Amino acid sequence: MTTDANGSNPPARYDAAFANRIEPEWQRRWAEAGVFRQANPGEAGFDGAKPKFYCLDMFPYPSGAGLHVGHPEGYTATDIVCRYQRMRGKNVLHPMGWDAFGLPAEQYAIQTGVHPAETTRKSIDNFRRQLQRFGFSYDWDREFATIDEGYYKWTQWIFLKIYNSWFDPQQQKARPIGDLVAMLEGGECGVSAWGELVSREGARGTQAFTGKPSDVRLWHELTTEERRGFLDSQRLAYLDEQTVNWCPKLGTALANEEVKDGRSERGSHPVYRKPLRQWMLRITAYCDRLLQGLEGLDWPESTRAMQQEWIGKSVGAEIDFEVEGRDEALRVFTTRPDTIFGATYMVIAPEHWLVDEMLDEPAGETDAAALRAYVEQARNRSDVERQEAKEKTGVFTGLYAVNPATGARIPIWTADYVLTGYGTGAIMAVPAHDERDFEFAQKFGLEIRDVVYPRALQLVSFYAHHMTEDEKADDEKWKKTLADFMGLCTTVDSDPELFGPVLGAVRERRREQQTAGLTAEQAAEKGHIGSRGSISGEYIVSIESLGAKDGQALEDLFAGGGYWRRRGEAFTLAGVCVHSKNAEVSLDGLGKAQAIERITGWLEKKGIGQEKVNYRLRDWLFSRQRYWGEPVPIVFDEQGDHYPVSEEALPVTLPPMTDYQPAESDDPQPLLAKAGAWVRTTAGDAGVDEDTLRPETPVRRETNTMPGWAGSCWYHLRYADSQNAERFVGEEAERYWLKDGVDLYIGGAEHAVLHLLYARFWHKVLFDLRLVSSDEPYRKLFHQGMILSHAYQRKNKTLVPINEVDAREDGTFVERATGEAVTQIAAKMSKSLKNVVNPDEVIAEFGADTFRLYEMYMGPLEATKPWDTRAIAGMYRFLQRAWRLAIDESTGNVRDGGGSDDAELEKLLQRTIAKVGDDIEKLSFNTAIAAMIEFVNAALPGDGQSPRLSVSQLERFVRTLAPFAPHLAEELWSRLGQEGFVSEASWASYDPAMLIDDAVEVPVQMKGKVRAKLLVPADLDAEGLKAAALADPKVIEFLAGAKPERVIAIPGKMVNIVL
RNA sequence: GCCGGAGUGGCGGAAUGGCAGACGCGGCGGAUUCAAAAUCCGCUGCCCGAAAGGGCGUGGGGGUUCGACUCCCCCCUCCGGCACCA
């Protein structure tokens, strides 16, 4: 323990007891004076001349376990930045609040019957108490929780805004659904037979090539139900029956993002696929904007990459394949339309509509029983099982399609390696150029036809196609001709168009030994070939390695297209097209990009295909079958049609429950369905607009609630004006604080995809509806690293709790129970490993200032780093020294060095101020602290010496330290007789001229080592420096009379003498 | 497999083309103390050497450069993410 029981410490020493006395006191004074209260534009005390700085911490979920040491890491970082920015004269918005809906409180309610609100409020109070003990400079007046009615009212309001919007593909933005109605009523556009929005002429916004203009129906041609159905299908929030990720253990469906390797992200429980009618948010409409928006953001590269991958844009084509005996075409998506000549079969997902039709009405060759069995099995397999099964499976559907490029009749299979929900759920399989298709084709004996070769093989292929009978017969002749041909083509890198003439020329030359028939360039090259016997030989060796023993074999291999099949793997890289020609179009000889362009053009002309962009991102599953979440403000009438609750009637609050036990059922039922009286109500009681539904109409409330992410999608907006009862955020406050988004957002990388993607999506919708002024919510994002703790590992990699291990004299560790040697490692803190560090205890032992400093000093903010309790003492000692710099430990008086300002120390102080400021802006807190330690170590004399710093110097240092150790700084500030709070002081200034030295020490390097150092004027030029180096006695001694070969002198930096 | 990040003393780390190891922990020695804790002062990359000094040294191999932890190529290891996405 660092506190002294005997009281023999000097009376005015900075110790833990003292820190624990002054820290709460300063926190009290700050709160009393409202030091960190930040006024909004238009309010008293707001200074519009100051620039704004909005600094946000990621919304914490207040768990029952309280704060762990990872929380204060990010919070201390933002606090330092905020305190610094305030001192630099900015209006700083630095809020804190609680993301408080969610499963843990509900699961606790299931076990104990305690209402989740009660548990959650308790946790919030505990979190707040813990956070406040750190002295963070939050504006607590802006605090709120997502479970506050005054907050989730607006969460529901935003949901309704989304519900009442559609995405205009022309303008690429959300618009009120009323605009769409107006457009339809005006006859500008209509509805296609496929239920898509199309312009009057039938040219469509979305997908297009099979539509016929005659299919388009105008608004007045639709029935009321058809109109309603169409509008509902266009909403950004829509109901859809779809296969969801059902997690029985959690009793709810999960969004794709919440599923990892077939298990739930939270708790790692298995997930099954189940059809459910659910609310979906049309985030996919924003794919392109979410992708493009990333480019202007100051975000970690890794997070941008993760979002890009998650959105997963891929450019390709959609192509319709005719199906034998059916009118309707089978549409596929492919990124490699250039390989269409190699499409030898097709695969559709087991959930594909065509499979369902085959089960109803089997075709002649359909083995209905086998098909049914396969589909059943695919459906019931959980995602875990699907992923574990490496071996390809599938069944022939009995149907055949026609490859539009080759005219070949190709079988249609179903297999679960084709996913429903990506692309069209159907593919053209090109086994020669796709690993999955290759594997499948190998297993089921399907044709493999290669249509892309690497460049060298393309030449072999060309030759195989054009071999003369004469050459084929002669074992040596074909090889030599081919070798010459390849050598010539590869040396001049000739175009495929020239292959014919070049081959002709090679034959000519071999026959006549002349140059006739070649271009001038080729003739020049020809001479080389002849003289390069060895190179020709190398070609022959590689030709032989292809395995063709004679000309006939070569022809079989290449003209027959069997090469890759024999090679045993697919060639998936870009290459040159071969065997890709029909009467209308030829891709032969083209590279990938050109081939894609040409074939897509051909498909478009034929009306059977077009370019298409696909995204991996799916729409956001927004319904949860839980109690503890925001109710969805929607009701259903007896027909099952849905109606929004009017804005005036918000919030829709949760009904009280007697038990929280999920209803056991094969059909997943939302928990709220049990609240019968709440669920069954009338339109009037539920607050539906009278114009929409007569008040006495019986309605059923939506019983699904919103997912945990909903509340965190817009909290950054609410903080700007958190007490506003009229609007989700005041317009002026929003425009001021959210201009260009949040200026610094710090939180864990675990939210890289989920929260950050959803929040960006909501923000963009609100932007489109002109409800916010910026397009992106978070301009600069930073992830703090994880803080690990010690743990011990057995040889078999299992972990041992720290209280079951003994340290031995020699520095090794053994498990007490078994005596087995274990190694010390760093691992995540966990209850089971007994290595959780409790911040409250650390503060009790050292004080909050020491804790703050320690976490910032551990290493770079973004790094994962191990907690080392012993190392905290270093920061504690530093603060003690800083204290002693200003205060006499025995008397408590200020140690005023008077007017004896030491020029060197003054220079060092100013440099320290400059470096600390720069480092804070770079979020490089560890080096900032190191600089302050150096200053203190330099300024603090050994025992008994008189103080060396003046009060002016001391107070400037205190201001520099203040963002890091604010309590100690306030105490010193007041003892130094300064006015007001150091928290409200301005940042110390420095003279840039002080940062430049008059004289510098320049190292002299010889034979790769520093051999001497020169003290020279900083502005000494290269010649002078060189002369000074050569005149230095140590240099002369090292040279020992040898003459330097070269002397490099970089003024102010270094001299290198090369021997 | 693909994408992103990292590899420097016993440990956390600093240095982004110019003196490798700032600063902190730990360790060693000393002061203070009856003694200890706390605090303070000094030393502390490794090897050879009594010392002066010398050699080696930033995951491994190669390259560029007067000069490389830093830039380029290849490889290894660890961490994070994605993964039948056509």
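Given the structure is predicted, the values throughout are model-derived calculations rather than measurements. Below, each value reflects all heavy atoms present in this structure, side chains not excepted, and no hydrogens, waters or symmetry copies. Convention: sequence-line order gives letters A, B, ...; per-chain numbering from 1.
Nucleotide G55(B) is shown with an anti base, its glycosidic torsion being more than 90° from 0.
Contact annotation: Y422(A) side-chain N/O to A86(B) OP1/OP2 distance is under 4.0 Å. An OP1 or OP2 oxygen of C23(B) is reached within less than 4.0 angstrom by no side-chain nitrogen or oxygen of R881(A). At G24(B), none of the side-chain N or O atoms of R877(A) fall inside 4.0 Å of OP1 or OP2 (strictly under the cut-off). Contact check, R870(A) against C11(B): no side-chain N or O comes under 4.0 Å of OP1 or OP2.
The separation between H751(A) atom NE2 and G80(B) atom P is 17 Å, rounded to whole Å. Rounded to whole angstrom, the span from the CZ atom of R304(A) across to the P atom of C82(B) amounts to 19 Å. Here the C1' atom of nucleotide C25(B) and the CZ atom of F846(A) are 12 Å apart, to the nearest Å. Across the protein-nucleic acid pair, K865(A) atom NZ and G13(B) atom P stand 8 Å apart, rounded to whole Å. One atom, CE of M306(A), and another, P of G4(B), lie 12 Å apart when rounded to the nearest Å. Residue F438(A) contributes atom CZ, which lies 16 Å from atom C1' of C84(B) at whole-angstrom precision. In this structure, the CD atom of E435(A) is 11 Å from the C1' atom of C2(B), given to the nearest Å. Put simply, CD on E351(A) is 14 Å from C1' on C84(B), counting in whole angstrom units.
Distances from the side chain of Q1005(A) to the nucleotides U39(B), G67(B), C82(B) place G67(B) closest. For I933(A), the listed nucleotide lying nearest its side chain is G24(B); candidates were G54(B), U39(B), G24(B). Side-chain proximity of D434(A) to the nucleotides A86(B), C82(B), A22(B) is greatest for A86(B). Here the side chain of E301(A) is nearest to one of A14(B), C19(B), G4(B), namely G4(B). You'll find that the side chain of T927(A) is closest to A14(B), out of A14(B), G12(B), A86(B). Among C84(B), C23(B), C66(B), the nucleotide with an atom closest to any side-chain atom of A930(A) is C23(B). For E309(A), whose side chain is taken as the heavy atoms from C-beta onward, the closest listed nucleotide among C84(B), C66(B), C3(B) is C3(B). Taking the side chain of V1010(A) as heavy atoms from C-beta on, and the options G18(B), A20(B), A86(B), the nearest nucleotide is A20(B). Ranking A14(B), G18(B), G55(B) by closeness to the R1011(A) side chain, first place goes to G55(B). Between G18(B), U39(B), C25(B), one nucleotide has an atom nearer to the side chain of R13(A) than all others, and that is U39(B).
At a threshold of 4.0 angstrom between heavy atoms, the contacts of S314(A) are confined to the sugar-phosphate backbone, with no base atom among them. Backbone-only engagement by P860(A) is indicated by non-hydrogen atom pairs under 4.0 Å involving sugar-phosphate atoms exclusively. When heavy atoms are screened at a 4.0 angstrom cut-off, N926(A) is found touching the sugar-phosphate backbone but no base atom. Among the protein residues, Q880(A) comes within range of the sugar-phosphate backbone only, with heavy atoms under 4.0 Å from sugar or phosphate atoms but none that close to a base. Looking at heavy-atom distances under 4.0 Å, N937(A) makes contact with sugar-phosphate atoms alone, never a base. Residue contacts for A871(A): at a heavy-atom cut-off of 4.0 Å it reaches the sugar-phosphate backbone alone, with no base atom in range. Residue R618(A) is classed as having no contact, given no heavy-atom separation below 4.0 Å to the nucleic acid.
A cation-pi contact, defined as under 6.0 Å to the ring centre and within 45° of the axis, links K392(A) to Y417(A).
Taking the C1' atoms as reference points, U77(B) lies 7 Å from G59(B), given to the whole Å. Nucleotides G54(B) and A31(B) have their C1' atoms positioned 35 Å apart, rounded to a whole Å. The same atom, P, is picked in C19(B) and in G13(B); the two are 22 Å apart, to the nearest Å. With P as the reference atom, G21(B) and G45(B) are 9 Å apart, rounded to whole Å. Nucleotides G80(B) and G10(B), compared at atom C1', are 28 Å apart to the nearest Å. G63(B) sits 47 Å from G29(B) when the P atoms are compared, rounded to a whole Å. Atom name P, nucleotides C28(B) and A37(B): the rounded distance is 12 Å, in whole Å. Rounded to a whole angstrom, the distance from the C1' atom of C46(B) to that of U58(B) is 13 Å.
For C78(B), the paired nucleotide is G5(B), the pair qualifying as Watson-Crick or G-U wobble because both relevant distances are below 3.5 Å. Across all strands shown, nothing is found opposite A15(B) as a Watson-Crick or G-U wobble partner with both distances under 3.5 Å. In this structure, A50(B) forms no base pair with any nucleotide, since neither Watson-Crick nor G-U wobble geometry is met with both distances under 3.5 Å. Partner assigned to A37(B) is none, using Watson-Crick or G-U wobble distances below 3.5 angstrom. Pairing partner, C28(B): G42(B), with both Watson-Crick or wobble hydrogen-bond distances short of 3.5 Å.
With respect to E934(A) and K915(A), no salt bridge is recorded, no charged nitrogen being found less than 4.0 Å from a carboxylate O.
Ring geometry, H751(A) versus H755(A): the interplanar angle exceeds 60°, so the pair is classed perpendicular (tilted spans 30 to 60°). Ring-plane geometry between F571(A) and H433(A) is classed as perpendicular, the angle between the planes exceeding 60 degrees on a 0 to 90 degree scale with a lower cut at 30. Using cut-offs of 30° and 60° for the angle between ring planes, the F440(A) and W413(A) rings count as perpendicular. F333(A) and Y422(A) have perpendicular rings, their planes meeting at more than 60° on a 0 to 90° scale where under 30° would count as parallel.
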Could you go through Y374(A) and T393(A), starting from their C-alpha distance and side-chain angles, then the distance that decides it, and tell me whether this counts as side-chain hydrogen bond (donor to acceptor under 3.5 Å, both in side chains)? CA-CA 9 Å; Y374(A) 185 73; T393(A) 57; 2.8 Å; yes

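Taking NZ from K612(A) and OG1 from T600(A), the interatomic distance works out to 14.0 Å, rounded to the nearest 0.5 Å.
In terms of position on RNA chain B, the residue among K915(A) and W310(A) whose nearest nucleotide sits closer to the 5' end is K915(A). Position along RNA chain B of the nearest nucleotide to R1046(A) versus T334(A) favours R1046(A) as the more 5'-ward residue.
In this structure, W883(A) contributes its side chain and A12(A) its backbone to a donor-acceptor pair below 3.5 Å.
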